[in-house]
Number of protein chains: 2
Amino acid sequence: MKRTILIFSALIIALFSLMQLGKYVLVQNSSSAEWIIAGIAVAFFFIGILINRKSQQKETLKAGKASSSQLRELGLSKREYEVLIHLSEGHSNKEIADLLFVTESTIKTHVSNILLKLDARRRTEAIAKARELDLLVR
Amino acid sequence: MKRTILIFSALIIALFSLMQLGKYVLVQNSSSAEWIIAGIAVAFFFIGILINRKSQQKETLKAGKASSSQLRELGLSKREYEVLIHLSEGHSNKEIADLLFVTESTIKTHVSNILLKLDARRRTEAIAKARELDLLVR
DNA sequence: AGATTACTCATACTAAAGTACCAAATCTTA
DNA sequence: TAAGATTTGGTACTTTAGTATGAGTAATCT
């Protein structure tokens with residue numbers, strides 16, 4: 001939502017910049033107006049794509065959705081975030097252990113740390129909070 | 001992401017529609033070109049907002065999100081759905097029991113039934129599946 | 001009215017999850 | 001390279017979660 005607003009703002013600014021160019025071209029040849037507007041449309045399109053791609057690179061860390069700055073703020077490590085994602089997918093500790101090729105004991109440690117850092121008492125609460133913080137996809 | 005693409009497509013279409021109007025106005029008075037482009041920009045903006053709002057309205061249905069037909073298909077009762085929502089909020093069985101003024105035993109029964117009906121082995125998996133089925137808000 | 005479904009609750013288990021410590025190896029970074 | 005953070009793993013223990021089974025009550029449908 002916030003991203004969408006940003007994109008629109010940027011597009012509006014781009015449009016008004018193009019207006020300055022368009023204005024002078026128009027007084028020379030008003031019959032080519034439709035081409036200028038088409039040009040603006042194309043510019044709009046590519047600027048939108050560019051901004052979108054840029055913000056995605058910055059915000060999307062691998063599979064998940066959290067930005068690295070967001071994770072740093074919470075104190076969540078890369079591995080812990082990985083476990084958190086598997087948690088949200090409904091896996092048991094054993095299953096996550098198998099997925100990440102470590103022991104269940106290790107996952108328990110990770111989960112405990114996640115609960116501490118997210119101030120949750122249960123894995124389900126951790127998932128809810130992570131979703132609230134916009135750390136998870138979907 | 002898909003929504004963003006949709007918005008852009010709609011905007012491009014809107015722009016080319018406005019082109020038709022703009023073309024005829026321009027041949028009459030080419031000095032007003034800048035106002036026409038400004039109009040297009042404003043139109044863009046409001047169309048974007050409208051589309052965004054519409055897609056939001058479609059996604060957010062009431063407090064819960066599931067349609068009663070969807071619940072009937074899954075065999076989930078009203079009460080079970082209620083428990084499911086509290087589950088997704090990260091509450092323990094005891095907490096849900098207190099929220100609904102019943103015993104923990106009752107909640108255990110409900111949860112067991114929910115797991116059966118959603119074909120899940122853990123409450124976290126039930127939450128994930130419920131989200132997949134679009135039964136939950138957010 | 002009788003059958004069905006939903007909701008409630010209990011007991012007795014088993015299985016997961018979570019806590020508290022401790023400790024070693026590896027990565028990062030100032 | 002030394003210090004700190006990360007990742008991994010273990011033991012022992014407590015707490016939740018989940019299963020199985022039975023059963024009573026109320027509401028709904030035929």
Side-chain angles (χ1 to χ4, degrees), chain A residues 61-64 66-131 135-136, chain B residues 64 66-131 135:
Chain A
L61 194 88
K62 284 182 181 177
S67 65
S68 47
S69 65
Q70 218 172 352
L71 293 183
R72 238 180 290 113
E73 270 178 50
L74 292 165
L76 277 178
S77 74
K78 216 174 65 184
R79 196 59 156 173
E80 283 162 356
Y81 180 54
E82 205 169 350
V83 171
L84 176 59
I85 289 174
H86 288 302
L87 225 60
S88 76
E89 289 165 352
H91 295 295
S92 69
N93 288 338
K94 186 76 194 69
E95 284 173 353
I96 299 174
D98 291 341
L99 283 168
L100 301 183
F101 302 106
V102 293
T103 66
E104 189 184 352
S105 181
T106 302
I107 301 301
K108 281 192 175 186
T109 306
H110 286 319
V111 173
S112 267
N113 289 329
I114 292 170
L115 295 184
L116 273 177
K117 292 173 181 178
L118 289 186
D119 187 33
R121 277 159 295 288
R122 281 165 292 284
R123 48 172 55 210
T124 50
E125 195 182 349
I127 294 169
K129 289 205 173 187
R131 184 151 276 123
L135 261 46
L136 302 173
Chain B
S67 61
S68 47
S69 65
Q70 219 173 349
L71 293 182
R72 239 181 287 112
E73 270 178 50
L74 292 164
L76 277 179
S77 76
K78 215 174 65 186
R79 196 59 157 173
E80 284 161 356
Y81 180 55
E82 206 169 349
V83 171
L84 177 59
I85 287 176
H86 288 301
L87 225 60
S88 76
E89 290 166 350
H91 295 296
S92 70
N93 289 337
K94 186 75 192 69
E95 284 173 353
I96 300 174
D98 291 342
L99 284 168
L100 301 183
F101 302 104
V102 294
T103 65
E104 189 183 352
S105 180
T106 302
I107 301 301
K108 280 191 176 187
T109 307
H110 285 320
V111 173
S112 266
N113 288 330
I114 291 170
L115 296 184
L116 272 177
K117 291 173 181 178
L118 290 185
D119 188 32
R121 277 159 296 289
R122 280 164 293 284
R123 50 173 53 210
T124 50
E125 194 181 349
I127 295 168
K129 288 204 172 185
R131 184 151 275 123
L135 260 46

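- In this structure, the CD atom of A:Glu82 is 13 Å from the C1' atom of D:dT6, given to the nearest Å.
- Residues from residues 111-122 of chain A with heavy atoms under 4.0 angstrom of DNA chain C, sorted by number: A:Val111, A:Ser112, A:Leu115, A:Arg122.
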Candidate pair B:Leu100 and B:Arg79, rule side-chain contact (heavy atoms from CB on, under 4.5 Å), full reasoning: CA-CA 10 Å; B:Leu100 301 183; B:Arg79 196 59 157 173; 3.8 Å; yes
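- For B:Glu104, there are no side-chain hydrogen bond (donor to acceptor under 3.5 Å, both in side chains) partners two or more places apart in sequence or in a different chain.
- Legend: residues meeting side-chain contact (heavy atoms from CB on, under 4.5 Å) with A:Ser105, ordered by chain and number and at least two apart, are A:Thr103.
- For the pair B:Thr124 and A:Ile127, the tightest heavy-atom approach, listed with the atom from each and the gap, is CG2-CD1, 3.8 Å.
- Taking atom OH on B:Tyr81 and atom P on C:dA6, their separation rounds to 17 Å, with Å as the unit.
- Not a single side-chain contact (heavy atoms from CB on, under 4.5 Å) links A:Glu73 to another residue, sequence neighbours left out.
- Annotation: of the two residues near DNA chain C, A:Lys94 and B:Arg79, the 5′-most nearest-nucleotide partner is B:Arg79.
- By the 4.5 Å heavy-atom criterion applied to side chains, B:Val111 and B:Leu84 are not counted as neighbours.
- Straight-line distance from the CD atom of A:Glu125 to the C1' atom of C:dA17: 14 Å, rounded to whole Å.
- Over its length, the helix from C:dA1-D:dT30 to C:dA30-D:dT1 turns its helix axis by 70°, as judged from the five terminal pairs at each end, rounded to 10°.
- Within residues 95-110 of chain A, the residues that have a heavy atom under 4.0 Å from DNA chain C are, in order of number, A:Lys108.
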Between the protein and nucleotides 28-30 of chain C, which nitrogen or oxygen pairs are less than 3.5 angstrom apart?
none

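- At whole-Å resolution of the value, CG in A:Asn93 and C1' in C:dT19 are 13 Å apart.
- For the pair B:Glu80 CD and C:dA6 P, the interatomic distance rounds to 7 Å; values are reported in whole Å.
- The minimum heavy-atom distance between B:Ile96 and B:Val83, with the atom names listed, is CD1-O, 4.3 Å.
- Residues that satisfy the salt bridge (charged side-chain N to carboxylate O under 4.0 Å, His left out) test with B:Lys78, not counting sequence neighbours, are absent from this structure.
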B:Arg131 and B:Leu135: CA distance, side-chain angles, deciding distance, side-chain contact (heavy atoms from CB on, under 4.5 Å) verdict: CA-CA 6 Å; B:Arg131 184 151 275 123; B:Leu135 260 46; over 6 Å; no
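- In terms of the side-chain contact (heavy atoms from CB on, under 4.5 Å) criterion, residue partners of B:Arg72 (sequence neighbours excluded) are, by chain and number, B:Ser68, B:Ser69.
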Which pairs of donor and acceptor atoms, one on a side chain in residues 112-123 of chain A, lie under 3.5 Å apart (sequence neighbours left out)?
| unit_1 | atom_1 | unit_2 | atom_2 | d |
| --- | --- | --- | --- | --- |
| A:Asn113 | ND2 | A:Thr109 | O | 3.2 |
| A:Lys117 | NZ | A:Gly75 | O | 2.8 |
| A:Lys117 | NZ | A:Glu80 | OE1 | 2.8 |
| A:Lys117 | NZ | A:Glu80 | OE2 | 3.1 |
| A:Arg121 | NH2 | A:Glu125 | OE2 | 2.9 |
| A:Arg122 | NE | B:Gly90 | O | 3.1 |
| A:Arg122 | NH2 | B:Glu95 | OE1 | 3.0 |
| A:Arg122 | NH2 | B:Glu95 | OE2 | 3.1 |
| A:Arg123 | NH1 | A:His91 | O | 3.1 |
| A:Arg123 | NH2 | A:Asn93 | OD1 | 2.2 |

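- Here the P atom of nucleotide D:dC29 and the CZ atom of B:Arg72 are 11 Å apart, to the nearest Å.
- Scored by the salt bridge (charged side-chain N to carboxylate O under 4.0 Å, His left out) test, B:Lys108 finds no partners at all (sequence neighbours excluded).
- Rounded to an integer number of Å, the gap from CZ of A:Arg123 to P of D:dG18 is 10 Å.
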